[in-house]
Amino acid sequence: MTEQIYDCIIIGAGPGGLQAAIYLGRYNRNVLLIDRGGGRTQHAKHIENFLTQKAISGKEIIETGIEQAKSFNVKIEHGLVTKVLKSEFFEVYVGDKQYLSKFVIVSSGVYDNLPPIERLHKFLGTGFFTCIDCDGYRTTNKKLVIIGNSIKTVHLAIAMKEMFTKDITIILYADKVPDEYKEELKEESIPLIIGRPVKITGEEKMEAVELKGEQRIECEVIMSHFGYKLNDGFLSELNIKRDSNGFKFIVNHNYESSLSGLYIVGPLNQGNDQAVIAAGEGAVAAIDIKKRLLER
Ligand SMILES: Cc1cc2nc3c(=O)[nH]c(=O)nc-3n(C[C@H](O)[C@H](O)[C@H](O)COP(=O)(O)OP(=O)(O)OC[C@H]3O[C@@H](n4cnc5c(N)ncnc54)[C@H](O)[C@@H]3O)c2cc1C
């Protein structure tokens, strides 16, 4: 029995991976999509910046996308990819199970660094947000607390004030804040607290955030700013170029990485982290793979 060699294996069923799967499926290519479930888009409860969708949950985008991909004969397997190697073909491992493929699209996304605050997950995606592009608008004219641990959090607070709400308190984990930033926040009338939030209160709606030492700040929404990590552990045995910080992967205009045949779409590359952008990148990668398969 000859071992099956896929035209393309896609790792991750978020908007990036699913859009690529739909394109490649519609080229009648032999495609396997592997996903472990529970990605970042699943936490997006209220997406309202996706063309034609006035408001849709991330879960619905994924579920509909999976059905759509299946209808074009994309094979979908539930599993955690643990390793990718390259020899004559790409070898993609789910534990001991090996799959071979001519091309690979990595669309495994990122995960947020969330601070250890009690009852955070009750409000994640409804009142506790992590992304200005996704949910800044939903803080419009609301009582907002911004928490973070870097000077970038100060920049975020000033941007939020200009676009969304004047009622902002900033809580920084940092021990020291340079004087010029304190001055800037003072000029903007944004109160600064140095402290550790420990609990969010409220049932139907968020009421306040409690800090270590019993201080309590009333708020309706929270924007958290601690960055994110990449779901990229399975690429560790491949030599793929990253940016000067050794963080994000460098890709070309078709989203191909420095390793020929391996494409990286979504927030793992240097582009912006948005569902519609990940989907667009998935389409571009798939169209390029279509051409490369024809050349072969
Ligand atoms: C709370 C919240 C709100 C958001 N709101 C918006 C919004 O309003 N508008 C917007 O455009 N964007 C929004 N986003 C961002 C959007 O979800 C991301 O841009 C999008 O997730 C990127 O898509 P992706 O396909 O790259 O990755 P993801 O959606 O993260 O999907 C990656 C998939 O890969 C899987 N995976 C990871 N590692 C492995 C592995 N080793 N093996 C197998 N599978 C793996 C994951 O489980 C997941 O299913 C929001 C995000 C969050 C968290």
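Owing to the predicted nature of the structure, the values given are computational and were not obtained by experimental measurement. Whatever order the structure lists them in is the order used to number ligands and atoms, beginning at 1. Quick note: numbers below take in every heavy atom, side chains included, and nothing from hydrogens, waters or symmetry partners.
- At a 4.0 Å heavy-atom cut-off, ligand 1 touches T41 through backbone and side chain alike.
- Within the 4.0 Å heavy-atom criterion, the part of D135 lying near ligand 1 is the side chain and not the backbone.
- At distances below 3.5 Å, not a single donor-acceptor pair connects side-chain atoms of T64 with backbone N or O atoms of I61.
- Of all the heavy atoms of T130, none lies under 4.0 Å from any atom of ligand 1, so neither backbone nor side chain is involved.
- You'll find the side chain of F72 stays beyond 4.5 Å of the side chain of V31, heavy atoms only.
- Between G38 and ligand 1, a contact under 3.5 Å exists for no N or O pair.
- For the side chain to side chain donor-acceptor pair (under 3.5 Å) test, no residue two or more places apart in sequence or in another chain qualifies with N252.
- With a 4.0 Å heavy-atom cut-off, ligand 1 is reached by no atom of C131.
- In this structure, K83 and E91 have side chains that are not in contact, with every pair of non-hydrogen atoms separated by 4.5 Å or more.
- The shortest separation from a heavy atom of L124 to ligand 1 is not under 4.0 Å, leaving the residue out of contact.
- Residue N49 has at least one N or O atom closer than 3.5 Å to an N or O atom of ligand 1.
- Under 4.0 angstrom from ligand 1, the non-hydrogen atoms of C134 come from both its backbone and its side chain.
- Remark: ligand 1 atoms within the under-4.0 Å shell around heavy atoms of G37 are 47 (O).
- Heavy atoms of G233 come nearer than 4.0 angstrom to ligand 1 in no pair at all.
- Every N/O-N/O distance between L80 and ligand 1 stays at or above 3.5 Å.
- In the vicinity of G266, heavy-atom distances shorter than 4.0 Å reach the ligand 1 atoms 26 (O).
- Near F234, with a cut-off below 4.0 Å to any heavy atom, the atoms of ligand 1 are 41 (N).
- Heavy atoms of D133 found under 4.0 angstrom from ligand 1: none, in either backbone or side chain.
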